[in-house]
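Side chains are part of it too, since the values below use all heavy atoms of this structure and drop only hydrogens, waters and symmetry mates. Order of the sequence lines fixes the chain letters, A, B, ..., with proteins taken first and strands second; residue numbering starts at 1 for each chain.
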Amino acid sequence: MTYPASLVAIGGSAGSLQVILTLLDTINAGFSIPVLLVLHRDPQGESRLEELLSFRSHLVVKEVEDKDIVERGHLYLCPADYHVLIEDDGSFSLDYSEKEHFSRPSIDLAFRAAADVYKEKLVGILLSGANADGAAGLRYIKERKGTTVVQQPADALVRYMPDQALQQSSADFILTGAELTHFLQRLYYVSP
Amino acid sequence: MEPTKTIFLSDEDIELLINDMAVTYGYDFSDYSKASFKRRIERLLMIDHLSSFAELRYRILHDESYFQHVVEEISVTVTEMLRDPGFYRILRDTVVPLLATYPFIKVWHAGCATGEEVYSMAILLQEAGLLHKTLLYATDMNPAALAKARSGIFPLSQMQQYSKNYVASGGTRDFSSYYTASYHLAQFDPALSEKMIFATHNLVTDFSFNSFQLILCRNVLIYFNKKLQDRVLSLFDESLEANGFLALGTKESIRFSSVAPKYKQIAGKEKLWKKVK
Ligand SMILES: C[S@@+](CC[C@H](N)C(=O)[O-])C[C@H]1O[C@@H](n2cnc3c(N)ncnc32)[C@H](O)[C@@H]1O
């Protein structure tokens with residue numbers, strides 16, 4: 001089976017970075033579907049995440065700025081302390097409103113905004129974390145016919161977030177970090 | 001209390017609401033960023049414990065004071081003193097010395113929210129010995145936020161963070177000398193607010209009202225779509241003197257706007273432009 005996708009949105013918190021780095025190391029060079037990474041980051045520490053990811057990835061890594069257009073071959077990183085949303089024209093909007101689940105960026109918000117725009121052409125992936133953020137967003141994606149993936153709780157460094165997600169809705173796929181690469185390679189790009 | 005179930009709205013709901021507000025009250029939100037506007041309204045349904053979208057619509061249409069509350073909730077007033085210290089450092093080191101050369105300085109804070117940004121600027125100008133010859137115009141569409149700004153009273157719990165920001169921005173005095181603490185509040189020195197003028201101004205509908213050497217509009221444009229961003233940046237362009245400065249939020253940019261060619265970004269990473277044409 002292969003699956004059509006216009007955007008892959010990945011949410012993660014504590015314990016998710018290692019999974020993402022492995023993913024970037026192993027994904028083949030032909031992969032060009034835009035990826036949005038929504039990670040809970042420390043707003044104080046001037047983070048080198050963008051550099052770290054660029055170094056590991058053949059995708060163009062970019063920290064989102066307001067009204068950037070979603071492009072193929074790009075991996076977008078949510079800036080610390082802003083929510084990231086998507087508009088109908090395929091541009092990002094940043095938002096500095098209230099935190100959700102004590103988080104900004106909030107995975108729920110990004111997933112919902114992306115699902116409104118991409119509907120069944122969205123793939124949402126939720127990884128390790130110690131927070132309930134993302135679970136409701138994943139359900140929202142599923143209700144709009146998108147494809148949902150949850151990291152197998154036993155495989156996650158911190159299983160709380162995947163557990164929450166599986167309590168709120170059944171995922172289309174429950175995968176280990178290692179299986180994720182293979183899954184992503186079965187996606188093919190379709191325009192929104 | 002029962003937790004209220006989140007009600008999610010459709011694009012059609014949002015369009016109806018925007019239309020109602022424009023026709024009934026003359027507030028036009030049609031060029032706001034749709035995704036974040038939708039979130040504001042969904043949040044409103046939740047905090048006001050409304051049972052349906054129809055109820056919200058009815059209340060907005062029939063109760064003007066409720067509509068005022070809606071405007072206040074749509075406006076995201078989250079702000080901080082000396083937010084992004086790196087930005088204030090550049091302002092202090094690069095822009096303030098140039099402002100000093102003018103006999104009379106005029107600054108506009110557009111979308112000042114509860115005013116923390118304006119007090120931050122006043123501190124910078126006072127330390128440079130320029131506040132006495134400055135006027136700080138501070139505007140927002142949200143009258144409740146402006147009332148707080150006018151009072152100069154902020155939560156004492158924030159002062160530790162602000163004091164850190166102050167030091168990181170290059171401040172060398174004792175930050176606590178700028179306010180007096182009483183209970184859980186910090187009252188800022190009235191000498192700082194003497195030169196501030198607060199007024200409601202809506203960037204969607206209102207016009208240029210003066211000319212300035214520095215305009216700050218930080219973290220406001222992110223709530224607008226590209227078309228409205230362009231309108232607002234043109235409004236700033238009309239209001240900015242030659243060689244004046246424009247400051248935006250750290251994730252905002254003028255690159256999509258028609259006025260971009262007239263501006264030159266100073267200091268690499270910070271969002272500060274000089275009007276060169
Ligand atoms: C996040 S605050 C920015 C505060 C401050 N400038 C900062 O960067 O911390 C955004 C402000 O923009 C104001 N705003 C939104 N739409 C506006 C409009 N059409 N006209 C004027 N102000 C507006 C809101 O009321 C809110 O106070």
Side-chain angles (χ1 to χ4, degrees), chain A residues 7 9 36 43-47 50 62-70 76-101 104-106 108-119 132 135-137 139-144 168, chain B residues 5-6 8-15 31-44 46-47 73-80 83-86 111 113 161 164-165 168 218-230 233 248-257 269 271:
Chain A
L7 180 80
L36 173 64
Q44 298 307 329
E46 170 76 5
S47 157
E50 189 178 351
K62 176 147 197 336
E63 191 169 85
V64 176
E65 286 206 20
D66 188 51
K67 305 296 175 285
D68 275 345
I69 304 280
V70 178
Y76 295 96
L77 185 63
C78 294
D81 219 18
Y82 284 88
H83 294 305
V84 171
L85 307 170
I86 301 184
E87 302 295 322
D88 289 339
D89 66 356
S91 65
F92 290 109
S93 276
L94 296 181
D95 177 309
Y96 194 67
S97 59
E98 300 78 8
K99 293 183 178 181
E100 202 137 308
H101 295 289
R104 194 169 47 216
S106 147
D108 276 348
L109 282 190
F111 278 8
R112 267 156 47 195
D116 279 341
V117 174
Y118 296 106
K119 301 184 180 71
R139 188 180 65 208
Y140 192 91
I141 293 176
K142 197 160 163 69
E143 285 164 1
R144 278 149 194 81
Q168 289 210 21
Chain B
K5 193 176 173 306
T6 317
F8 295 116
L9 303 174
S10 69
D11 289 359
E12 292 72 43
D13 295 337
I14 297 296
E15 265 163 42
D31 287 321
Y32 274 52
S33 139
K34 207 176 71 197
S36 86
F37 186 80
K38 184 165 173 272
R39 158 148 154 92
R40 298 318 291 161
I41 303 297
E42 285 168 350
R43 184 177 170 279
L44 189 70
M46 199 173 65
I47 60 175
E73 286 304 327
I74 288 172
S75 121
V76 177
T77 58
V78 187
T79 183
E80 217 178 84
R83 176 179 183 176
D84 313 313
Q161 178 64 42
K164 268 193 215 156
N165 289 355
R218 308 191 71 219
N219 303 296
V220 180
L221 294 182
I222 49 176
Y223 299 103
F224 299 166
N225 70 14
K226 280 184 204 152
K227 178 176 154 215
L228 182 54
Q229 289 191 355
D230 192 44
L233 287 167
L248 303 181
T250 40
K251 305 294 167 198
E252 294 169 331
S253 165
I254 62 169
R255 76 202 135 122
F256 300 116
S257 115
K269 174 167 161 282
K271 296 304 174 67

Ion pair check, A/Lys67 and A/Asp89, cut-off under 4.0 Å: no
Which word best sums up how the rings of B/Tyr32 and B/Phe37 line up, parallel for under 30°, tilted for 30 to 60°, or perpendicular for over 60°? perpendicular
Quick one: of A/Asp95, A/Leu85, A/Asp68, who has the most non-hydrogen atom pairs under 4.5 Å with chain B? A/Asp95
Do side-chain atoms of B/Tyr223 reach the backbone of A/Tyr96 as a donor and acceptor pair under 3.5 angstrom? yes
Quick check on B/Phe224 against chain A: is it the side chain, the backbone, both or neither that has a heavy atom closer than 4.5 Å? backbone
Using heavy-atom distances under 4.5 Å, tell me whether A/Glu98 contacts chain B through its side chain, its backbone, both, or neither. both
At a heavy-atom separation under 4.5 Å, does A/Val64 approach chain B through its side chain, its backbone, both, or neither? backbone
Is there side-chain contact between B/Glu12 and B/Glu15, with heavy atoms separated by less than 4.5 Å? no
Between B/Lys34, B/Lys226, B/Arg39, B/Gln229, which shows the greatest number of heavy-atom pairs under 4.5 Å with chain A? B/Arg39
Rounded to the nearest 0.5 Å, what separates atom NZ in B/Lys38 from atom CG in B/Asp11? 7.0 Å
Spell out, as yes or no, whether a donor-acceptor pair under 3.5 Å connects the side chain of B/Asp230 to the backbone of B/Ser257. no
If I measure from the heavy atoms of chain B, does A/Asp116 come under 4.5 Å with its side chain, its backbone, both, or neither? side chain
Looking at B/Glu252 and B/Asn219, would you say the former's side chain and the latter's main chain have a donor-acceptor pair under 3.5 Å? yes
So which of A/Asp88, A/Ile86, A/Asp66 has the biggest tally of heavy-atom pairs under 4.5 Å with chain B? A/Asp66
Against chain B, label A/Tyr82 side chain, backbone, both or neither, depending on which of its atoms sit under 4.5 Å from a heavy atom there. side chain
Under 4.5 Å from any heavy atom of chain B - which part of A/Glu143: neither
Report which part of B/Ser36 has an atom under 4.5 Å of a heavy atom belonging to chain A: side chain, backbone, both, or neither. both
Value for CG (B/Leu44) from CD1 (B/Ile74), rounded to nearest 0.5 Å, stands at 7.5 Å
Residue part contacting chain A, namely of B/Lys164, when any heavy atom lies under 4.5 Å: neither
Please look at A/Leu109 and chain B and tell me whether the side chain, the backbone, both or neither of the residue comes under 4.5 angstrom of a heavy atom of that chain. side chain
